Amino acid sequence: MGESDSGTALERGLGRALARAGLPAPEKLTRLTGGATMESWRFASGSEDFVLRRAPSAAMMEGRAIGHDIEAAAIRMVHAVGVLAPEIVVELEEADGLGTGFVMRALPGTPDPRSILSDNAGEADGRNLAGQLARELAGIHSVDHAALPPGLPTLDPAAGVAGLRTQFEEAGGDRPVVALALRWLEDNLPGPTEPALIHGDYRLGNVLVSGNDLTGVLDWELAHLGDPHEDLAYACMTVWRFARIDRPAVGLASLDDWFAAYEAAGGRAVDRTRFNWWLVYRTCWWALGCWRMGRTWREGADRTVERAIISRRTSEQELDLLLLLEGEAPQEERDRPLPPLSSPPPPTGEATAGELATAISEWLATVKDRMEGHDRFQHAVARNALGIIARDYAAKVDPTDAELARALIEGHRSLEEPGLLAQLRRTALDKLAVDMPKYPALAVARRQWTGED
């Protein structure tokens, strides 16, 4: 089905859904960029703007803890009690032919993290917006979860780690850093706590900000019951700070400011030990989530370039996990120099596979101005993928070691072993330099581990 045919079918199905809500047919339907799992489309209906959020196929919903029906019910409930969630106007039905999902009234503001960070670059502005985000999170956690729709799961830490370990084994069980993190999580499980409503994906990119003001909280697909420290930590993961990794709270402020604003708004007293545990847990969770993107692409549920390339972001999380866990190693191991970087000889003769990828990327650059909308975004993703191929061919880094991973996850080897931390650091640096060389934490780790920029 071509792009125009797909657009027509989408408009027809969306028109049927809107009619049930007494709204006119959609106009100016535009695919929004971003979103690792769901599609989002913005459109006009009458004099108002709306957003369609959907999963086009049943395969995209497989393995998800909640369906769109439960997600929509939860959003309606929290919106009704004053949380900055969007208003849902209609849910998709099978007869619409669009998969599952719902239509929301559009809110003002941008979800773009870089725009948000740019508009709040000053220390005072950053602290102010972080405070708003913390206060909204405290409000979410204070929602009466007994009144929430049935079907929301509860995340127990032990069960969560067991689930991550199963995913790790299913993915091959051959990444030592992830194995190290899973063992640490098992050895440091937090005690029970009174459950609260957890957003599950609370971060820049899933909130709307207009200038210096928080205007909306989006993407409730991972909502569940659990420990409030999970949301607090997830927002502070290095990957969600984007270019502002020097401000650990959402890329905007200090952790002290983050915790103080949360507690002042009625949130529970923050336990830093629990916070740190959830920071490791969610970083490990996202590493495995990136792996799943590769399987989703292979199995045909989503054959976009974006889906395939996200799978390579595992290396970002492996670096972050090492930075979080290296304090477990003795000081002499933290001070140990890294093994030297091996550099293969430059290619000669016919073009290598990596050079062919570079040639295609350079040609794509010449047609960039012919792209618009989501195609322009996919064009950038495709060039990124070709860059990975070229660097991967040149570096030939192998991040897998099933034997070491097994020994680490079983506790037979640890960071106390002479030279092991240095070995893991070397591999993490080299693999990330292939996959995502612009990841801000890479430069930080290089300076910290090698003294080089």
Side-chain angles (χ1 to χ4, degrees), residues 164-165 167-184 239 283-284 286-298 307-326 329 333 336-347 351-358 384-410 412-415 417-439 441-443 445-446 449-450 452:
L164 294 183
R165 182 161 180 166
Q167 292 179 44
F168 178 71
E169 302 291 355
E170 291 174 347
D174 58 6
R175 295 297 183 93
V177 174
V178 178
L180 177 72
L182 287 169
R183 180 68 191 194
W184 183 89
V239 67
T283 303
C284 188
W286 181 227
L288 292 164
C290 292
W291 275 354
R292 285 198 305 277
M293 299 295 178
R295 186 176 68 184
T296 298
W297 183 88
R298 290 187 193 99
R307 192 70 53 220
I309 205 171
I310 289 175
S311 70
R312 298 297 291 250
R313 297 188 65 180
T314 301
S315 54
E316 295 176 349
Q317 308 318 304
E318 290 180 307
L319 182 88
D320 292 343
L321 285 169
L322 264 187
L323 289 168
L324 288 169
L325 295 173
E326 64 182 358
E333 292 307 311
R336 186 184 294 273
L338 271 61
L341 173 64
S342 60
S343 300
T352 65
E355 289 173 324
L356 290 174
T358 299
N384 193 7
L386 290 165
I388 292 174
I389 295 170
R391 294 186 297 270
D392 202 12
Y393 184 87
K396 293 181 170 61
V397 180
D398 185 1
T400 65
D401 189 334
E403 183 178 345
L404 174 57
R406 176 57 51 194
L408 287 168
I409 205 168
E410 298 296 342
H412 302 314
R413 298 176 69 177
S414 73
L415 294 183
E417 179 181 319
L420 179 56
L421 177 59
Q423 173 191 335
L424 294 176
R425 284 172 166 176
R426 176 83 276 166
T427 301
L429 289 177
D430 296 349
K431 185 65 169 66
L432 188 50
V434 167
D435 292 342
M436 300 290 161
K438 295 182 180 179
Y439 188 57
L442 177 58
R446 275 204 185 107
W449 295 344
T450 70
E452 302 172 359

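Keep in mind that the numbers below use all heavy atoms, side chains included, and drop hydrogens, waters and symmetry copies. Every value quoted in this text rests on a predicted model; they were computed, and no experiment measured them.
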Engineer: Cut-off 3.5 Å, side chains only: do Gln167 and Trp291 have a donor facing an acceptor?
Structural biologist: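 Gln167 vs Trp291: no donor-acceptor pair found between side chains.
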
Engineer: Is the shortest heavy-atom distance from the side chain of Ile409 to the side chain of Phe168 under 4.5 Å?
Structural biologist: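 The answer is yes, as the side chains (C-beta and beyond) meet within the 4.5 Å cut-off.
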
Engineer: To the closest 0.5 Å, what do you measure between CG (Leu180) and CG (Leu420)?
Structural biologist: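 Answer for the CG-CG pair, Leu180 versus Leu420, is 7.5 Å.
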
Engineer: I'd like to know if Arg336 pairs up with Glu333 as an ion pair, taking the criterion as any Lys NZ or Arg NE/NH1/NH2 lying under 4.0 Å from an Asp or Glu carboxylate oxygen.
Structural biologist: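 A salt bridge links Arg336 with Glu333.
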
Engineer: Pick from Val239, Ile388, Leu442: which one makes a side chain to side chain contact (heavy atoms under 4.5 Å, CB included) with Met436?
Structural biologist: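 Of the listed residues Val239, Ile388, Leu442, the side chain to side chain contact (heavy atoms under 4.5 Å, CB included) partner of Met436 is Ile388.
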
Engineer: Taking side chain as C-beta onward, heavy atoms only, is Leu322 less than 4.5 Å from Leu421?
Structural biologist: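 Answer yes - side chains close enough.
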
Engineer: Are the side chains of Met293 and Ile309 in touch, meaning some heavy atoms are under 4.5 Å apart?
Structural biologist: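 When only atoms from C-beta onward are counted, Ile309 and Met293 do not touch, as no gap falls below 4.5 Å.
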
Engineer: Might you point out which heavy atoms bring Thr314 and Ala287 nearest each other, and give the distance in Å?
Structural biologist: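 Closest approach of Thr314 to Ala287: OG1-O, 3.3 Å.
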
Engineer: Nearest heavy-atom pair of Gly173 and Ala405: which atoms, and what distance?
Structural biologist: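 Between these two residues, the closest heavy atoms are O-CB, 3.4 Å.
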
Engineer: Locate the shortest heavy-atom distance separating Ala422 from Leu338; write the atom from each residue and the value.
Structural biologist: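 In this case the closest contact between Ala422 and Leu338 is O-CG, 3.9 Å.
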
Engineer: Does Glu316 reach the side chain of Asp435, with side-chain heavy atoms less than 4.5 Å apart?
Structural biologist: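 They are not in side-chain contact.
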
Engineer: Are Glu169 and Arg406 packed together at the side-chain level, in the sense that at least one heavy-atom pair is separated by less than 4.5 angstrom?
Structural biologist: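 The answer is yes; the side chains approach within 4.5 Å.
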
Engineer: Rounded at 0.5 Å granularity, tell me how far NZ in Lys438 sits from CG in Asn384.
Structural biologist: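 Interatomic distance, Lys438 NZ to Asn384 CG, rounded to 0.5 Å: 8.0 Å.
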
Engineer: Got Lys431 and Arg312 here, is their nearest side-chain heavy-atom distance under 4.5 Å?
Structural biologist: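 Side chain of Lys431 against side chain of Arg312, heavy atoms only: contact under 4.5 Å found.
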
Engineer: Would you mind telling me which of Val397, Asp430, Thr450 makes a side chain to side chain contact (heavy atoms under 4.5 Å, CB included) with Leu341?
Structural biologist: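 Looking at Val397, Asp430, Thr450, the match for Leu341 under the side chain to side chain contact (heavy atoms under 4.5 Å, CB included) is Asp430.
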
Engineer: More than 12 non-hydrogen atoms from neighbouring residues, nucleotides or ligands closer than 6.0 Å to CD on Glu403, yes or no?
Structural biologist: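 No, the 6.0 Å shell around CD holds no more than 12 heavy atoms from other groups.
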
Engineer: Begin with the C-alpha distance, continue with both residues' side-chain angles, and end with the deciding distance and a verdict on side-chain contact (heavy atoms from CB on, under 4.5 Å) for Leu325 and Val177.
Structural biologist: CA-CA 9 Å; Leu325 295 173; Val177 174; over 6 Å; no

Engineer: For Ala357 and Ala390, which heavy atoms make the closest approach, and how far apart are they?
Structural biologist: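 Minimum heavy-atom contact is CB-N, 4.2 Å.
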
Engineer: As a quick check of understanding, evaluate side-chain contact (heavy atoms from CB on, under 4.5 Å) for Arg183 and Leu408, giving each step before the final call.
Structural biologist: CA-CA 7 Å; Arg183 180 68 191 194; Leu408 287 168; 5.9 Å; no

Engineer: In the structure I gave you, are the side-chain heavy atoms of Thr358 and Tyr393 within less than 4.5 Å of one another anywhere?
Structural biologist: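 No, their side chains stay 4.5 Å or more apart.
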
Engineer: Might you point out which heavy atoms bring Pro399 and Thr427 nearest each other, and give the distance in Å?
Structural biologist: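 So the two residues come closest at CA-CG2, 3.8 Å.
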
Engineer: Search all heavy atoms of Pro437 against all heavy atoms of Ala433 and return the closest pair with its distance.
Structural biologist: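 Looking at all heavy atoms of both residues, the shortest contact is CB-O, 3.5 Å.
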
Engineer: If I take atom CZ from residue Arg425 and atom CG from residue Leu323, how far apart are they, to the nearest 0.5 angstrom?
Structural biologist: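 Nearest 0.5 Å value for the CZ-CG distance: 8.5 Å.
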
Engineer: Got a salt bridge between Arg175 and Glu318, using NZ or NE/NH1/NH2 to carboxylate O under 4.0 Å?
Structural biologist: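 Yes, this pair counts.
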
Engineer: Are Leu424 and Leu415 packed together at the side-chain level, in the sense that at least one heavy-atom pair is separated by less than 4.5 angstrom?
Structural biologist: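 Yes, at least one pair of side-chain atoms sits under 4.5 Å.
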
